[in-house]
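Reckoned from all heavy atoms, side chains included, excluding hydrogens, waters and symmetry mates.
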Amino acid sequence: MSALVVPPDLARALHPGPPDAIELIGLRARGHHGVLEHERRDGQDFLVDLRMDVDTAPAGRADALGRTVNYAEVADSAVAEIEGGPHQLIETLAARIAGRILSEQILVRRIEVTLHKPSAPIPHPFSDVRVRIERSAPATPAVLALGTNLGAREKHLSRALGLLRAADGIEIDWTAPVVETDPVGGVAQDAFLNTVVGIRSERGPWRLLDLAHALEEDARRVREVRWGPRTLDVDLIAYGDLVQDDEELTLPHPRAHERAFVLAPWHAARPAAELPGHGPIGPLLARAEDRDGVRPGPALGGFGA
């Protein structure tokens, strides 16, 4: 990647700073955890502190709960684990709390759990016993679609792929072949080159969207006409199984299920793939109205692997 020239704004998108955090402190619930029989029989109070890495900027822009973590839901999950079990060790309980929240809250990328057992059976004066653990969410599979019909089309695609490989928290899982496609949307313009890239992302969906926009800006994309010509279009098609309806980021992409220029290269690379909420992509491709406008594109290094 040393051959890539990266301006400062793009560098910040490739290597973003640490995420924000949401903290829930002093959550109390009664559980029956411990090695001793009376602990499991009588129970005692446990307290938990949670620190969750979350990108809060999208929620701050729109004042929208759907763009952030609902900490009431997080509290319900932690209390359910404390009241469940029983477990002999608070290490086990802390791990279960972390795992449950990471599995239920896709926007939480890392969590720190501090579990307190202030009534632990210790025959000496003490203030608290606590276990602190950190866990990270596994990388989330995501699908990006790339398209270009202005300028050096092949160079635009190759540079975008190279920048994705250089981005922190992004691993290229697979790439689709490049296809050439007739434009859709009714705007007279030249043919497109389109392809699809499968990644595994340690970033949340909003930071991934920021990266997609940064790649477009790097290619000097100008948005003047809807569905018009562009140097580079980067769309987030799917992020795990996340389904959301948001004016800035609808997932899965609201038109991907009917666009052969997305489905055809994706199907060529991963014929058994499914689009969340729409099912297998093979039947979707067979029904796409623009499927006759898709043809093989140039063989481009790094794509189709």
Q: Dump the intermediate steps for salt bridge (charged side-chain N to carboxylate O under 4.0 Å, His left out) on Arg109 and Asp53, then the final yes or no.
A: CA-CA 6 Å; Arg109 305 313 300 162; Asp53 284 0; over 6 Å; no
Q) After noting the C-alpha distance and the side-chain angles of Arg96 and Glu91, does the key distance pass the salt bridge (charged side-chain N to carboxylate O under 4.0 Å, His left out) rule? A) CA-CA 9 Å; Arg96 289 186 62 88; Glu91 291 89 339; over 6 Å; no
Report yes or no: does [X] contribute a side-chain atom to a donor-acceptor pair with the main-chain N or O of [Y] at less than 3.5 Å?
{"X": "Thr68", "Y": "Leu65", "answer": "no"}
{"X": "Thr148", "Y": "His156", "answer": "no"}
{"X": "Thr195", "Y": "Leu146", "answer": "no"}
{"X": "Glu180", "Y": "Pro298", "answer": "no"}
{"X": "Arg159", "Y": "Glu154", "answer": "no"}
{"X": "Asp290", "Y": "Ala260", "answer": "yes"}
{"X": "Glu39", "Y": "Val35", "answer": "yes"}
{"X": "Arg30", "Y": "Gly43", "answer": "yes"}
{"X": "Asp9", "Y": "Ala214", "answer": "no"}

Q.
With a 4.0 Å cut-off on N to O distance, would you call Glu112 and Arg135 a salt bridge?
A.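 No, no charged N to carboxylate O under 4.0 Å.
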Q | Residues Arg165, Glu171: salt bridge by 4.0 Å N-O rule | A |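 Not counted as a salt bridge, because no side-chain N and carboxylate O are separated by less than 4.0 Å.
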Shortest non-hydrogen contact between [X] and [Y], atoms and distance:
{"X": "Leu102", "Y": "Ala137", "answer": "CD1-N, 3.9 Å"}
{"X": "Leu163", "Y": "Leu14", "answer": "O-CD2, 3.5 Å"}
{"X": "Gly147", "Y": "Arg230", "answer": "O-CG, 4.3 Å"}
{"X": "Ala72", "Y": "Asn70", "answer": "N-OD1, 3.0 Å"}
{"X": "Val6", "Y": "Ala11", "answer": "CG1-N, 3.5 Å"}
{"X": "Leu236", "Y": "Leu208", "answer": "CD1-CD2, 3.7 Å"}

Q) So how far is it from Leu242 CG to Thr140 OG1, rounded to the nearest 0.5 Å? A)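 Atom-to-atom, Leu242:CG and Thr140:OG1 are 9.0 Å apart.
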(Q) To the closest 0.5 Å, what do you measure between CD (Glu216) and CG (Leu211)? (A)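 Answer rounded to 0.5 Å: 10.5 Å.
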Is there a side-chain contact between [X] and [Y], using heavy atoms and a 4.5 Å cut-off?
{"X": "Ile199", "Y": "Leu144", "value": "yes"}
{"X": "Ile172", "Y": "Leu164", "value": "yes"}
{"X": "Arg259", "Y": "Val184", "value": "yes"}
{"X": "Ile237", "Y": "Val196", "value": "no"}
{"X": "Asp76", "Y": "Val74", "value": "no"}
{"X": "Pro205", "Y": "Leu107", "value": "yes"}
{"X": "Arg287", "Y": "Pro283", "value": "yes"}
{"X": "Val48", "Y": "Thr114", "value": "no"}

Q: State, without any angle test, whether Arg110 and Ser136 hold a side-chain donor-acceptor pair at a distance under 3.5 Å.
A: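 Arg110 vs Ser136: no donor-acceptor pair found between side chains.
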**Q.** Thr56 and Asp20 side chains, donor-acceptor separation under 3.5 Å
**A.**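 Thr56 and Asp20 do have a side-chain donor-acceptor pair below 3.5 Å.
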More than 12 heavy atoms of other groups within 6.0 Å of [X] [atom1]:
{"X": "Glu289", "atom1": "CD", "result": "no"}
{"X": "Asp128", "atom1": "CG", "result": "yes"}
{"X": "Arg61", "atom1": "CZ", "result": "yes"}
{"X": "Asp45", "atom1": "CG", "result": "yes"}

(Q) Show me the pairs that pass ring-ring contact (aromatic ring centres under 6.0 Å, His included) and involve residues 105-132, at least two apart or across chains. (A)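 Of all non-adjacent pairs touching residues 105-132, none passes ring-ring contact (aromatic ring centres under 6.0 Å, His included).
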Hydrophobic cluster membership, [X] vs [Y], 4.5 Å side-chain cutoff:
{"X": "Leu263", "Y": "Val179", "result": "no"}
{"X": "Ile133", "Y": "Ile22", "result": "yes"}
{"X": "Leu89", "Y": "Ile122", "result": "no"}
{"X": "Val178", "Y": "Val197", "result": "yes"}
{"X": "Ile106", "Y": "Leu24", "result": "yes"}

Q. Which pairs pass side chain to side chain donor-acceptor pair (under 3.5 Å) with one or both residues in residues 199-211, sequence neighbours excluded?
A.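 As it turns out, there is no side chain to side chain donor-acceptor pair (under 3.5 Å) pair with a partner in residues 199-211 once direct neighbours are skipped.
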Q: For the pair Arg67 and Glu248, evaluate salt bridge (charged side-chain N to carboxylate O under 4.0 Å, His left out) and give the outcome as yes or no after the intermediate values.
A: CA-CA 10 Å; Arg67 295 185 177 190; Glu248 287 187 31; 3.4 Å; yes
Q. Using the ring of each side chain (for Trp, its six-membered ring), is Phe46 parallel, tilted or perpendicular to His33, with breaks at 30° and 60°?
A.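 Ring orientation of Phe46 relative to His33: perpendicular.
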Q: Could you walk me through whether Arg295 and Asp182 pass the salt bridge (charged side-chain N to carboxylate O under 4.0 Å, His left out) test, one step at a time?
A: CA-CA 9 Å; Arg295 51 196 171 273; Asp182 295 335; 3.0 Å; yes
